[in-house]
Each structure stands twice: as C-alpha cells, then as structure tokens.
J.: 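I have a structure I would like to understand better, so I am pasting it below and will then ask my questions one at a time.
Predicted model only: the values in this text are computed from it and were never measured. Because only heavy atoms are used, hydrogens play no part in the values below, and waters and symmetry mates are left out as well, while side chains stay in. So that the names make sense, note that chain A is the first sequence line, chain B the second, and so on, each numbered from 1.
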Amino acid sequence: MNRLDGLNIQQQQAVRADSGPVLVLAGPGSGKTRVLTQRIAYLIGTIGVRPYNILAVTFTNKAAREMAARVAAPLGEDLKFPYMGTFHSICARILRRETEHLPFQTNFVIFDQDDQLSLVKQAVRELNLDEKRYRPNSLHASISNAKNELLLPDDYPVQTYRDEVTQRVYRRYQEMLLANNALDFDDLLLYSAILLEETPAVRERYARRFEHILVDEFQDTNMAQYRLLRSLSSFHRNLFVVGDADQSIYRWRGADYRNVLRFREDFPDAQVILLEQNYRSKQSILDLATAVINRNPQRISKRLFSDLGQGKKPILYEVYDDRLEAAFVVDTIRQLTRDQRAEPGEFAIMYRTNSQSRLLEEAFLQANIPYKLVGAQRFYGRKEVKDVIAYLRLVHNPNDELSLGRVINTPPRGIGSKTYLFLKTQAQRQGISPGQLLLQLNRPEFSQILEAAGSRAKSALLHFGALLGGWIALKDELPPLSLMDRILESANLHNYIDDQSDEGQDRWENVMELRRLTAEYQDLGLEAFLEQIALVSDQDTLEANANAPTLLTLHAAKGLEFPIVFITGLNDGLLPHSRSFEDPEAMQEERRLFYVGITRAKDGLFLTYSQNRSAYGYSELVSPSRYLDDIPHNLLDELQPSHKSRSAFPDGSRPAERWESSRLGAPSQERQNPVIQPQFSAGMRVKHPAWGEGMVLNSRIQDDDEIIDVFFAGVGLKHLAASLARLEIMT
DNA sequence: ATGGACAATGTTTTT
DNA sequence: CATTGTCCAT
C-alpha cells in the first residue's frame with residue numbers, strides 16, 4: 001500500500017520535497033502533523049536516511065514519542081530517534097555531551113520557574129536593591145528576554161539606570177546558577193546556540209550529523225532557537241520547517257513569527273508549500289475563524305476551506321456572571337452526553353487565564369462529572385511533590401543549593417535557618433558548596449568547623465550529612481523508584497506529608513502519583529528522569545484515554561483538536577487581556593489566541609461571556625469582548641437568557657436543544673476523515689511480524705488513528721499505530 | 001527552633 | 001481570595 005494515499009497534492013509535495021530548505025505554511029487543521037510524520041517515514045523508508053541522522057523538533061515531548069512510534073511501526077523495526085523532542089530537551093542532550101566546552105558539569109540540574117525566581121530574589125537581596133522597586137518577577141522577565149536574544153550579561157544593552165541594575169542582577173544570577181551547577185530553561189537554548197556558533201569543531205560535528213532537520217510550530221521559535229537551527233543545518237541545509245504566522249502566540253517569551261520572513265531571507269532557495277485545506281472543522285467554524293483573524297493587519301490572507309460540510313452555527317451565549325457561565329458549560333455537556341449526542345471526552349473548555357479554571361472545576365465537581373485539567377505546573381508545582389523531587393535532585397547534584405535549602409529541614413530535623421546559614425557561610429569560606437561541606441563534615445579537616453556549631457546543630461548536621469551520603473552511594477545502583485522509596489522511608493516523609501488530615505491524605509496521594517510516574521521512567525536513570533520532569537509540558541500531562549471533558553488554557557490548546565469546544569470568558573480585559581491593551585503587537589497576538597481557540601473545534605463551538613466577573617473575590621461589571629463586534633451576525637447563533645436571572649436557563653431555552661436530534665458531529669457525508677472505531681482493547685493478545693506475541697495494555701484514538709500500547713515479551717512496551725503496524729489479533 | 005498570627009500583595013499566557 | 005512573607009510567643 002502506498003503510504004502517500006490519503007494525502008492531497010500539496011501534502012504529498014511536502015512529504016516528498018527534494019533536499020534543501022523547505023517552508024511549509026500550514027493553516028489550522030491542514031494535516032501538518034501527518035505531513036511531518038510521513039516526511040520522516042519517507043526519508044527513512046524511501047531515501048534511506050538513518051534515524052540517527054535526523055533531528056526533529058516537536059512542540060511537546062509526547063508528540064515526539066508518538067511521531068517516533070508511528071514512523072517505526074510500519075517499518076517493523078525498533079527505531080530510535082535520539083534527537084526527536086522539544087527544543088529544550090534536545091538542547092539538554094547536546095549540552096550534557098559537550099560539557100568539556102562549557103562552564104558547568106554534565107550532571108547539571110534544570111531549575112524550574114520557582115527556583116529561577118528565588119535565585120533572582122536572592123541576587124536582588126545580595127545587591128542590596130529594593131525589592132519593591134526592582135521586582136524579581138520583572139527582572140527575571142528582562143533576563144529571560146535577553147537570553148532569548150542571545151545577549152549575555154556583558155552584552156546587555158544599558159541605556160537607563162534600571163538597565164544597569166538589571167545587568168548587575170543578570171550577572172549575579174548567572175554566577176549563582178553556575179555555582180549550583182544548574183541551568184534555567186533559557187540557558188538550555190542560550191548555551192547550545194552560543195556553543196555551536198563559537199566552536200566550529202562542535203558545530204561541524206552536529207551539522208554533519210543532522211542530514212535532515214524538521215521543525216514543527218516554527219512561528220513560535222525565538223532568536224536563540226532560530227540561530228541554533230541555522231547552525232545545525234549549516235552543513236546539509238536540509239531544514240524543513242512547518243508553521244503558521246496566524247497561530248503565533250508566544251511573543252511574550254521571545255517567539256518571533258518574523259523568523260518565517262528571516263528564513264526566506266537566509267534561505268532564498270527555499271521551497272514554499274502552502275497547506276490550505278482544512279480537514280478538521282465544519283465550514284461554519286472556519287468562517288467564524290476567518291472573520292476574527294482577518295481583522296489583523298499586515299497578514300497574508302489565507303482562505304480556510306473544508307469539505308466537511310457547513311455544520312451548525314457556533315453558539316454565542318451571555319450569562320449573568322462567571323458562576324452561571326460554569327453552570328452553563330457543565331449543564332450543556334450533561335445534556336449532550338445524556339442524549340448520547342456526544343461523549344464526555346469530546347468536549348474541551350478553554351479560557352485565557354488559569355484562574356478561570358476554578359469555577360469550572362467546582363461546577364464539574366458539584367455535578368459529579370469527572371474532568372481532565374491540562375497543566376503540568378498544577379501537579380509538579382505542589383509543595384509535597386517539589387519536596388520529594390528536591391531530594392532526588394540533591395542526590396543527583398549535591399551542589400544544588402536550592403534543593404538543599406528546601407529539604408534540609410523538611411521534615412524538621414533541627415536545622416533551622418540559623419544553622420543552615422552557618423553551613424552556607426562556612427562552605428563559602430572553604431570555597432565549596434554547602435552540599436559538599438555537609439557531606440564531608442565528618443572529615444578531620446573540618447572538625448573545627450563542627451565544633452564552632454552548637455552541639456545540637458552539630459549532631460543534626462552530621463546526621464543529615466550521613467543520610468544524604470547514604471543515598472548518594474546508592475544512586476547509581478538503584479533505579480529512581482527504589483531510590484525514591486528509600487528516601488521517603490529514611491527521611492520519614494510519609495508521616496510528615498500525611499498528617500492524617502484530609503489535606504494530608506491528598507498530599508500523600510500526590511506523592512504516590514509521583515511515584516507512579518517515576519515507575520514509568522524506571523529504566524531511564526536518575527538524571528534522565530529529573531530532566532524529563534523538569535521539561536514536561538502542560539500537554540504532556542494530558543491523558544488521552546480518560547473519557548472526560550478537558551479544561552485548558554487557550555495557549556495549552558495549541559496543536560490539539562476537539563469535537564466540541566467552549567471558549568469561556570469572552571470579555572474585554574480577559575480576551576483580549578487588559579495587560580495587552582496598550583501594546584498593538586500584543587493585541588494582535590490576543591486575537592490570534594482567540595483564532596487558535598476557535599480552530600480547535602471540529603463540529604461544535606460555544607462562545608460564552610458574562611456581564612459580571614469576580615476578581616479578588618469581588619464581582620464587577622465587565623463588557624463583552626471587542627472581538628465579538630467584529631463577527632458578522634449571521635455567523636453566530638445568539639442565545640441570551642433574560643438578565644439577572646439566577647438560573648442558567650430561566651426561559652427554558654436549553655441551548656443544547658438547538659442541536660436537534662441528530663447525533664452531534666455526525667456529518668451527512670463522511671468522506672475525508674472516517675471516524676475510526678477501535679479494534680483493540682486492553683487484554684487482547686496480538687501478534688506482530690517482528691516482535692511476536694504481545695498483550696494490549698491500552699488503546700486510544702488520536703488523529704484518525706488508533707494508538708495502542710502493547711507489551712511484547714522480551715521486547716518490552718511498544719506504542720503502535722493500528723493502521724500501520726501489521727498486527728494480528730489472536731483468539 | 002518552631003509554629004502560629006497577621007499583613008501585604010498580586011493574576012496572562014509556559015518550556 | 002489565597003498565597004507568601006514577617007513578626008512574635010513559646
């Protein structure tokens with residue numbers, strides 16, 4: 001069977017493009033993931049490129065895993081793509097191998113947002129600056145922007161006094177990171193880009209290796225990422241990028257859709273391929289999307305068309321306040337699912353800010369409907385989870401002062417701030433990190449130091465040092481899971497975290513969830529495990545198999561699709577967000593964000609806004625989003641209950657009933673995208689031509705294909721695409 | 001050293 | 001309101 005079946009002319013052109021630079025401009029729903037996957041399969045299967053020589057940058061790590069699985073399955077081999085992943089994880093990999101050229105060691109840790117902020121705070125304090133005047137948050141943003149522009153502290157442009165202060169903080173911040181043997185997110189890109197630009201031998205090694213480079217979501221690359229790509233592709237020049245300027249939503253973290261223009265300048269011979277046909281949404285949804293995005297100036301107007309049928313008009317609904325908004329969402333979902341017109345998992349609810357999820361969650365909880373919340377931060381940001389991770393991080397890299405500070409007295413073991421300060425001061429005097437000193441305290445040369453501490457402090461420090469030393473001795477022998485268990489046990493964390501209160505039990509549940517996640521990465525080793533945790537994206541946490549509505553921000557929705565989408569909080573100040581009001585560029589991005597949200601919907605779209613909205617606990621009158629004024633009336637079905645009512649449906653107008661009796665989303669003609677029925681289910685025994693017999697553990701439908709997890713004896717767990725893997729069901 | 005009480009202060013979006 | 005920081009009594 002020809003693998004190019006089912007692709008349109010432009011898609012095929014992209015998949016089989018000759019070597020050289022290629023720019024694919026892909027509108028929403030135009031099948032770009034498929035193109036990328038098929039392109040890689042084509043390079044390997046037809047051109048004979050080895051996976052080793054391919055670099056593929058995806059938007060999430062999960063996307064990378066799935067892409068690899070799909071490419072590997074039809075070839076029936078166990079293909080490994082060492083360089084497939086997000087920019088950040090690819091950079092981390094490069095940096096760990098090249099530390100001989102770099103100012104840190106190979107076991108560096110990656111500092112998360114909180115760590116970064118507390119480091120900036122520390123720097124601000126050390127420099128005796130006024131925290132009110134120089135907010136750590138804003139300084140960190142400036143530093144981050146500089147890094148994304150590849151500006152080191154010495155290059156930081158100083159025009160005002162504030163710039164000068166920022167430069168000083170930046171310099172100190174960098175020193176502190178290195179002292180901790182730690183990098184922040186931006187450093188991963190920064191050091192990689194600079195290393196490649198300034199070390200020709202290294203650049204050449206990678207540039208020669210990567211015969212083909214493929215990049216997804218190219219419109220969201222920043223300068224560091226762009227320059228990195230330029231270096232990496234400098235030998236073979238086979239740079240295949242896919243993007244859509246209308247979906248650029250990360251300007252605030254340095255992304256610049258003008259990289260698309262830059263690309264055409266730097267690679268004038270680039271082939272440009274346009275993917276316009278939409279295979280996702282009903283025309284009525286695309287019409288709305290077009291009406292919204294066309295108001296942005298200076299853009300190349302693309303036409304969005306689909307032959308999935310006209311579909312029903314998106315519904316616009318006004319509510320009295322945000323509580324009723326949540327009630328409306330939950331109620332509508334309940335009705336549509338009860339009438340069997342949709343499955344719970346077919347719904348997504350999107351919003352501009354994370355805080356908006358709360359009322360929605362409460363409404364779902366109250367209605368007893370399970371839901372999924374997208375957001376890695378929500379889980380990994382919890383104190384108890386961070387604490388346990390900090391222990392692991394410290395064991396992996398004892399120089400990590402922040403982790404040490406976090407765990408040294410958690411649970412309380414008699415090392416309060418005074419004693420910890422003492423340890424830090426002494427360490428500084430010795431020119432070593434506090435962690436190193438702690439580990440060596442029992443050596444004779446440090447006996448005076450020990451005596452200088454009080455006797456209680458002395459024994460507490462010695463005890464914890466011994467504990468830490470014990471774990472470190474085990475770290476290479478035990479898998480991360482066993483190490484974690486050991487730590488939980490010997491640090492007595494169970495009793496500390498679960499104090500028998502309800503919250504305590506919740507907290508321990510979270511730790512057990514972390515433990516479960518650790519089990520999944522059992523064979524990775526501690527370093528890789530910690531790296532994965534540090535670089536998980538929000539979308540990575542999305543469980544594909546739970547059949548429940550998904551709650552997520554508009555940003556997190558990028559690249560996803562759902563049969564029925566709610567976009568809530570369509571109020572001025574929220575979407576567009578008030579923080580963007582004064583900046584025209586930012587305002588255009590707000591509009592693109594709305595556009596991204598709309599184009600996630602396949603069959604149904606609900607837009608909601610409220611007359612009042614609560615912030616800080618107070619409710620205030622708000623206006624509908626200005627974007628609603630731009631939409632011609634005939635594109636929306638407007639429903640408005642009478643004002644000030646206390647029920648979401650006072651007049652008995654139940655919006656769900658507008659959807660008539662036919663099953664939602666069952667189109668009259670299903671030609672392009674037949675809905676796939678799962679053929680496999682957990683527990684089934686199957687046979688693979690290369691790997692033999694296996695057991696199906698899980699099955700889910702994604703992007704018109706069934707993805708199944710199969711365990712093969714002797715081979716291990718495999719993720720396979722049902723349409724591609726030649727599996728035989730055994731009876 | 002520890003824990004509790006109170007104030008202050010802050011909300012965009014994320015790797 | 002909800003988290004975080006600071007001060008004070010034990």
Side-chain angles (χ1 to χ4, degrees), chain A residues 57-61 85-92 110-118 121 125 131-132 135-138 140-141 144 147-148 183-190 217 220-222 224-225 248-255 350-359 374-378 380-383 408-422 454 456-457 460 531-541 552-558 569 573-581 583 586-587 589-590 592-594 596-597 613-619:
Chain A
V57 186
T58 54
F59 186 57
T60 67
N61 291 304
T86 62
F87 270 109
H88 288 90
S89 50
I90 286 167
C91 285
I110 298 165
F111 272 2
D112 66 23
Q113 189 77 36
D114 288 352
D115 300 331
Q116 296 172 29
L117 214 55
S118 57
K121 229 176 251 181
R125 272 179 218 163
E131 263 182 75
K132 295 263 160 14
R135 291 240 164 71
N137 257 321
S138 122
H140 180 261
S144 174
K147 288 186 174 183
N148 287 328
L183 303 188
D184 67 15
F185 295 129
D186 302 316
D187 281 342
L188 295 171
L189 310 174
L190 174 83
E217 306 287 6
D220 278 324
T221 51
N222 60 33
Q225 292 164 333
S248 157
I249 53 174
Y250 284 105
R251 194 183 82 102
W252 48 274
R253 70 177 201 203
M350 302 176 186
Y351 36 81
R352 176 68 235 268
T353 67
N354 281 307
S355 58
Q356 289 170 261
S357 73
R358 242 188 67 196
L359 284 175
V374 177
Q377 188 56 23
R378 281 237 149 45
Y380 289 101
R382 304 194 86 94
K383 198 168 282 162
I408 195 164
N409 206 28
T410 312
R413 51 172 73 86
I415 309 179
S417 50
K418 267 263 177 69
T419 307
Y420 183 44
L421 189 67
F422 171 80
R456 273 176 55 185
E531 185 172 305
Q532 303 255 4
I533 299 186
L535 298 180
V536 279
S537 74
D538 274 355
Q539 280 189 19
D540 288 331
T541 65
L552 73 181
T553 63
L554 288 163
H555 281 91
K558 177 156 120 142
L574 221 42
L575 188 69
H577 197 275
S578 51
R579 296 286 278 246
S580 303
F581 280 168
D583 180 352
M587 283 300 273
E589 183 150 306
E590 296 286 324
R592 292 196 291 267
L593 204 46
F594 187 25
V596 166
R613 194 159 287 283
S614 40
Y616 293 100
Y618 283 90
S619 192

J.: Do you know which two heavy atoms are closest between A:N222 and A:R253, and how far apart they sit?
T.: ND2-O, 3.9 Å
J.: Using a cut-off of strictly less than 4.0 Å, decide whether A:N354 has a side-chain nitrogen or oxygen near OP1 or OP2 of B:dT13.
T.: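 True: A:N354 side-chain N/O within range (under 4.0 Å) of B:dT13 OP1/OP2.
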J.: Could you give the CD-to-C1' distance, from A:E531 to B:dT15, as a whole number of Å?
T.: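 Going from A:E531 (CD) to B:dT15 (C1'), I get 12 Å.
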J.: Compare all side-chain heavy atoms of A:S537 with those of A:T86 and state whether any distance is below 4.5 angstrom.
T.: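 A:S537 does not reach A:T86 side chain to side chain.
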J.: For A:Q539 and A:T60, does a side-chain donor sit closer than 3.5 Å to a side-chain acceptor?
T.: no
J.: Just to be sure I understand the rule, does A:K558 reach a base, reach only the sugar-phosphate, or reach nothing, if contact means heavy atoms closer than 4.0 Å?
T.: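 It contacts nothing in the nucleic acid.
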J.: Can you tell me, in whole Å, how much space there is between the P of B:dT13 and that of C:dT4?
T.: 15 Å
J.: OP1, OP2 of B:dT15 versus side-chain N and O of A:N222: anything below 4.0 Å?
T.: no
J.: Find the distance A:Q539:CD to B:dT15:P and express it as a whole number of Å.
T.: 8 Å
J.: Of the listed nucleotides (B:dT15, B:dA1, B:dT11), which one gets closest to any side-chain atom of A:S355?
T.: B:dT11
J.: With a 4.0 Å cut-off on heavy atoms, is A:Q113 in touch with a base, just the backbone sugar-phosphate, or nothing at all?
T.: base
J.: In whole angstrom, give the distance that lies between atom CZ of A:R358 and atom C1' of C:dC1.
T.: 7 Å
J.: Output the rounded distance in Å from CG (A:D186) to C1' (B:dT14).
T.: 11 Å
J.: Could you check whether A:Y250 gets within reach of a base, just the sugar-phosphate, or nothing at all, counting any heavy atom under 4.0 Å?
T.: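 Sugar-phosphate only.
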J.: Would you check if A:H577 and A:L593 make a side-chain contact, meaning some heavy-atom pair closer than 4.5 Å?
T.: no
J.: Between A:S614 and C:dC1, does any side-chain N or O lie under 4.0 Å from OP1 or OP2?
T.: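 For C:dC1, OP1/OP2 do not have a side-chain N/O of A:S614 under 4.0 Å.
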J.: From CG of A:D540 over to C1' of B:dT14, roughly how many Å is that when rounded to an integer?
T.: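 Computing the A:D540:CG to B:dT14:C1' distance gives 12 Å.
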J.: Find out whether A:D583 and A:R251 are in side-chain contact, i.e. whether some heavy atom of one side chain is under 4.5 Å from a heavy atom of the other.
T.: yes
J.: What is the distance, rounded to the nearest whole Å, between atom CZ of A:R613 and atom C1' of B:dT11?
T.: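 To the nearest whole Å, that distance equals 14 Å.
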J.: How long is the line joining CZ of A:F59 and C1' of B:dT15, in whole Å?
T.: 9 Å
J.: Look at all strands and tell whether A:D112 reaches a base, only sugar-phosphate, or nothing, counting heavy atoms closer than 4.0 Å.
T.: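 No contact.
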J.: Sort me out a list of protein N/O and nucleotides 8-10 of chain B N/O pairs below 3.5 Å, or just none if empty.
T.:
residue: B:dT9; atom: OP1; partner: A:K132; partner atom: NZ; Å: 3.4
residue: B:dG10; atom: OP1; partner: A:R135; partner atom: NE; Å: 3.0
residue: B:dG10; atom: OP1; partner: A:R135; partner atom: NH2; Å: 2.5

J.: Going by centres under 5.5 angstrom and planes under 30 degrees, do the aromatic ring of A:W252 and the base ring of B:dT13 stack?
T.: yes
J.: Where the side chain of A:K121 is concerned, which of C:dG5, B:dT2, B:dT15 is the nearest nucleotide?
T.: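 Out of C:dG5, B:dT2, B:dT15, the nucleotide with an atom closest to A:K121's side chain is C:dG5.
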J.: Once you round it to whole Å, what is the distance between P of B:dT15 and CG of A:L117?
T.: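 About 17 Å, once rounded to whole Å.
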J.: Reckon A:T553 has a side-chain N or O less than 4.0 Å from the OP1 or OP2 of B:dT14?
T.: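 Affirmative; the distance criterion is met.
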